[in-house]
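Below is one structure, written out as structure tokens; the observations come after it.
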2 protein chains.
Amino acid sequence: MDSELERYLVQPVLKAMQVLQLVCEASEPIALNDLVRAAALPKTTVFRYLRTLAALRLIEHEPDSDRYRAGIGLWWLSHASNPYETLRQVCRPEMKRLQQRFNETVNLGVLSDREVLYLDIVESERSLRMQATIGATDPLHSTALGKALLAFRSAAQRETLLPQSVPRLTPNTIVDRVELLDQLEIIRATGFALDLGENEEGSCCVAAPICDDRNIALAAISLSAPAARMDGAVRQAICASLMTACAEIGRALLGRRAEVQSTQAQPAA
Amino acid sequence: MDSELERYLVQPVLKAMQVLQLVCEASEPIALNDLVRAAALPKTTVFRYLRTLAALRLIEHEPDSDRYRAGIGLWWLSHASNPYETLRQVCRPEMKRLQQRFNETVNLGVLSDREVLYLDIVESERSLRMQATIGATDPLHSTALGKALLAFRSAAQRETLLPQSVPRLTPNTIVDRVELLDQLEIIRATGFALDLGENEEGSCCVAAPICDDRNIALAAISLSAPAARMDGAVRQAICASLMTACAEIGRALLGRRAEVQSTQAQPAA
DNA sequence: ACCACCTTTTCTTGACATGAAACAAGGCGG
DNA sequence: CCGCCTTGTTTCATGTCAAGAAAAGGTGGT
């Protein structure tokens, strides 16, 4: 499916990044030989990548033990006015407050490539909790985050972002396109989106969008919990807090100029 | 001086990282042509790097505007059990408390390649304040951080880490090797290090080490201020708080197994 | 002192990164 | 509305330079 995306790939870059990732994933400084084994690349090649990455300070070399570990250069990359990073920092305090108030998992998501991309997660402390991973993605149509992000876009964009047919993930998943688009209108009117076990059985999510001054969603925050803990009264309280928090963040973002532009899909060919 | 370090460099990796850095530094999504101009590389080359980096999710492509921006992959790299990142997270709360209590700039530094590497900085809110940059380095011999890091190492390592002759940065810089080594003994005994305008005139720093269970410094925290604000009584209070905070962090680190191993220099050839 | 293991260096080869140039696709002004 | 001009994409021939085998240099253990 991504045969087109796999063109023009520069091998040395791919392989060097693989090595970098291995160094970063290692819980402790790692030696050349271990990297060679892990990466399944020739020793000389790995050696040269390590030297190159070290010159860029992306990794650092411990002369004593001849081991490599993550370097300060990574910090530069991920903090140099990275829009995701700033968005996360702005949202963090409100997300923590939501988590503390309801003790459920709070997710921050943006639209990326026709999917929801989880940018940040503040986890509930309960043993039974919803768990996603930062950087992971979920479909738009089956998640509260996705629907919130879709609803606060132009009608034209909703059309292009929503595939003609969407996969059924649970018995509750809404797979009828018209029904989905109708629901988006309701979400737009009420200001929040629900996911009643549509993405994963037994889980329930509430999401609200963070909008710019044109009422376009830049991101969305959701609270997710087992369905049993998310009934009537509690859900109402959550909805209210969530919408307040998101509106607050939206106002805070207006102050900044480093606005986060969510990816918008190209028109269907 | 680093002619040896510049060997075995893989060009595609260097250039691709340059492009990645440019994308990350841009305050807003940036187009291919702008990158070509900024990087001074052929268009085709930059194009291929962008595709490669996008495949790795280090950057993301906005189909509408044909622009590129930092991607979520960066987050993976810098947060996948990066020892610096974990150290920073552990130290942050105490650093913030120190900053709030004294309203002076608080620095976190580690030993890296015979220098102090600033890992984190919590800035004073005063208009006249000491200011360093995360990722920047300073000499060991002229900074409180450096001396604290040196003092809590074996005598042998102090010898190898301290160059035979050190540069004079201000009139107060201690350039006599014997005098320096003597002072390290005192620092080791008292538990804190001072910099009285030795690195920059008019600035005064107090530093204390964060030690592991063998009393080896993993990192150090310093408070820096204009000399005028750092006299007798205040300095004593700062010293006490600093040493308490560092001891606390040391204890917290003992709990974790992801200990941060500071770089140790190789024996002088 | 020998051996085993690991890093570093050297060297040859051909795969492949390269970049000029042509092509396609918008966008803007005339 | 048309055509020029900017920007992204593709193609292709070339020679660079990344690759990897193999050997040398170091280090620590028994």
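So that the names make sense, note that chain A is the first sequence line, chain B the second, and so on, each numbered from 1. None of these values were measured; they are calculated from a predicted model.
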Extract from the structure each pairing of a protein N or O with an N or O of nucleotides 28-30 of chain D at less than 3.5 Å, listing the distance.
none

Point to revise | Residue-phosphate contact under 4.0 Å: B/Lys15 side-chain N/O, C/dA17 OP1/OP2 | key: no

Review point. Judged by modelled atom types alone, do B/Tyr118 and B/Asp138 share a side-chain donor-acceptor pair under 3.5 Å?
Key: yes

Review point. Counting only distance, no hydrogens or angles, is the base of D/dG8 paired donor-acceptor with the side chain of B/Lys43 under 3.5 Å?
Key: yes

Practice item. Give a yes or no on whether a salt bridge exists between B/Arg153 and B/Glu159, defined as a side-chain N under 4.0 angstrom from a carboxylate O. Key: no

Check your understanding: Just checking, any donor-acceptor pair under 3.5 angstrom between side chains of B/Ser222 and B/Asn107?
Key -> yes

Review point. Using a cut-off of less than 4.0 Å, is there contact between a side-chain N or O of A/Tyr8 and OP1 or OP2 of D/dT9?
Key: no

**Study point:** D/dA21 base / A/Thr44 side chain donor-acceptor hit below 3.5 Å
**Key:** yes

Point to revise | Candidate nucleotides D/dT9, C/dT8, D/dG8, ranked by approach to the side chain of B/Phe47 - the nearest | key: D/dT9

Review point. What residues, two or more places apart in sequence or in another chain, satisfy side-chain hydrogen bond (donor to acceptor under 3.5 Å, both in side chains) together with B/Asn215?
Key: none

Check your understanding: Can you tell which of B/Asp213, B/Val90, B/Asp212 makes a side-chain contact (heavy atoms from CB on, under 4.5 Å) with B/Leu253?
Key -> B/Val90

Point to revise | Nearest-nucleotide 5' precedence on DNA chain D, B/Ala31 against B/Pro12 | key: B/Ala31

Check your understanding: Phosphate oxygens OP1/OP2 of D/dA18: is one of them under 4.0 Å from a side-chain N or O of A/Arg51?
Key -> no

Point to revise | Under 4.0 Å protein heavy-atom contacts per nucleotide of nucleotides 23-29 of chain C, with B for base, S for backbone only and - for none | key: -------

**Study point:** D/dG8 OP1/OP2 closer than 4.0 Å to side-chain N/O of B/Asn33
**Key:** yes

Review point. Within the modelled atom types, does a donor on one side and an acceptor on the other bring the side chain of A/Arg48 and the base of D/dA18 under 3.5 Å apart?
Key: no

